[in-house]
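Note on naming: letters A, B, ... go to the chains in the order of the sequence lines (proteins, then strands), and numbering restarts at 1 for each one.
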Protein chains: 2
Amino acid sequence: MKPESRKQEIINAASILFKEKGYSAVTMRDLAKAMGIKAASLYNHIQSKQEILATIIIELAEEFTTGMNRIVNSEKSTIQKLENIIDLHIDVTLRNADGLASLNNDWMHLEEENLQYFEKMRQDYEENFRNIVQKGVDKSEIRSYNIEIMVFSTLSTLRTLYLWYPKQNDIDAAILKHDMMSVLLKGVV
Amino acid sequence: MKPESRKQEIINAASILFKEKGYSAVTMRDLAKAMGIKAASLYNHIQSKQEILATIIIELAEEFTTGMNRIVNSEKSTIQKLENIIDLHIDVTLRNADGLASLNNDWMHLEEENLQYFEKMRQDYEENFRNIVQKGVDKSEIRSYNIEIMVFSTLSTLRTLYLWYPKQNDIDAAILKHDMMSVLLKGVV
DNA sequence: GTCTATATGACGATAGAC
DNA sequence: GTCTATCGTCATATAGAC
């Protein structure tokens, strides 16, 4: 275990609570109680409740953006790119499943610049995904069903991994990746 | 247009607001403003904010339960049953996409009996789904990937339809059903 | 770094006039 | 059926002692 800063401990505790009840329903008193301190004491480590949410979401969104950019710029086949995207989602989910709940369900409570920044990253991510699938169809690497439905279907599954994976006790990450690729790609290839 | 009761108008307006910001972040004052009246006036038609949430969610959950029971008790092949489940989700989504946001994201804010009732229905639904897939694998009607992953993947996509379908302008319901079946089932059959 | 005390405002909901 | 006025509670956040 690396020693965690008090701020990071707060963010981790908040991620769990936000996952259970959502950002708006979690109070600073709830969070303080989970940390074993009083609400006022939280403000020695963080500036606001909003800052906690932004830290959780923006960090994760940037991970996805970085990962997707690397995949897009790689010289790989469409199938390999899709495999890398599945990999990316599974890796992030394993590392921070709790935070992904906020990214998926509470992004609309971000304020101003962070909201715009997040929405831009999400839009770019989806567009990159769509372009990869489209190019695969053009090159006859994958079947030509409705592109939107293929993109939507795959992304829905990957985005919901955070809800499902922590409930599976004894499934190995490597096996998960393999089976996930089979199920998601066999419908497409 | 059928004439709607004032209560139903409130529930419909609430469904839209809950979809946009989530149950906890929507105030009775927000809802009243959307209706063009004052917050206090809402209470002539509904008993509480909680009652609105419960009405939205329980009604939809019962639709899914009824539909699933009919499918389970039918004498059809596994493939046909899966097609019927996809049909069910698309039909409910077309009829009440806004309400499905609450069912998916705000069920944890239900209180007492309604929370238990909902959780029981959801658990039964997933178990019925899993049993249909399992039986299909046993009878070699569908491929034997990891059952949990197939169930999770399909259900994730169907449950997220409410987010995606309203954004697609000109896609016909029949075409949607057909392509959705292809994408979801070809990965399985 | 945590505490007590508190400022300031918003929340869900009710009472009673019209 | 809608209004104004208001109650009691809880929200985020700050000030300042220890």
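The NZ-P distance, from B/Lys33 to C/dC11, rounds to 11 Å in whole Å. Look at CE on A/Met28: it is 17 Å from C1' on C/dA7, rounded to the nearest Å. As rounded to whole Å, 10 Å separates atom P of C/dG12 from atom CG of B/Leu42. To the nearest angstrom, C1' of C/dA13 lies 17 Å from CG of B/Leu53. The NE2 atom of B/His45 sits 17 Å away from the P atom of C/dG12 (whole-angstrom rounding). For the pair A/Asp30 CG and D/dT12 C1', the computed distance is 13 Å after rounding to whole Å. Counting to the nearest Å, the P atom of D/dA13 and the CD atom of A/Gln50 are 9 Å from each other. Distance CD (A/Gln47) to C1' (D/dT12): 14 Å, rounded to an integer number of Å.
Residue pairs that meet the ring pair (Phe, Tyr, Trp, His ring centres under 6.0 Å) test with at least one member in residues 28-54 of chain A, sequence neighbours left out, do not exist here.
With sequence neighbours left out, A/Tyr23 forms a ring-ring contact (aromatic ring centres under 6.0 Å, His included) with A/Phe18, A/His109. For B/Lys33, there are no salt bridge (Lys or Arg N to Asp or Glu O under 4.0 Å) partners two or more places apart in sequence or in a different chain. Considering only residues two or more places apart in sequence or on other chains, B/Arg130 meets the salt bridge (Lys or Arg N to Asp or Glu O under 4.0 Å) condition with B/Glu148. Under the ring-ring contact (aromatic ring centres under 6.0 Å, His included) criterion, B/Tyr125 pairs with B/Phe64, B/His89, not counting sequence neighbours.
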What nitrogen or oxygen pairs link the protein and nucleotides 3-6 of chain D at under 3.5 Å?
{"from": "D/dC3", "atom 1": "OP2", "to": "B/Lys38", "atom 2": "N", "distance (Å)": "2.4"}
{"from": "D/dC3", "atom 1": "OP2", "to": "B/Ser41", "atom 2": "OG", "distance (Å)": "3.0"}

All N/O donor-acceptor pairs, side-chain side in residues 114-122 of chain B, below 3.5 Å, sequence neighbours left out:
{"from": "B/Tyr117", "atom 1": "OH", "to": "B/Glu62", "atom 2": "OE2", "distance (Å)": "2.5"}
{"from": "B/Lys120", "atom 1": "NZ", "to": "B/Asp124", "atom 2": "OD1", "distance (Å)": "3.3"}
{"from": "B/Lys120", "atom 1": "NZ", "to": "B/Asp124", "atom 2": "OD2", "distance (Å)": "2.8"}

Show the atom names and distances, to 0.1 Å, of all donor-acceptor pairs under 3.5 Å that link a side chain in residues 79-86 of chain B to residues at least two apart or in another chain.
{"from": "B/Gln80", "atom 1": "OE1", "to": "B/Ser77", "atom 2": "N", "distance (Å)": "3.2"}
{"from": "B/Gln80", "atom 1": "OE1", "to": "B/Ser77", "atom 2": "OG", "distance (Å)": "3.4"}
{"from": "B/Asn84", "atom 1": "ND2", "to": "B/Gln80", "atom 2": "O", "distance (Å)": "3.4"}

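With 3.5 Å as the limit, one finds a donor-acceptor pair spanning the side chains of A/Gln134 and A/Asp138. A donor-acceptor contact under 3.5 angstrom links the side chains of B/Thr27 and B/Asp30, judged on distance only.
Contacts with DNA chain C (heavy atom under 4.0 Å) in residues 109-118 of chain B: none are found.
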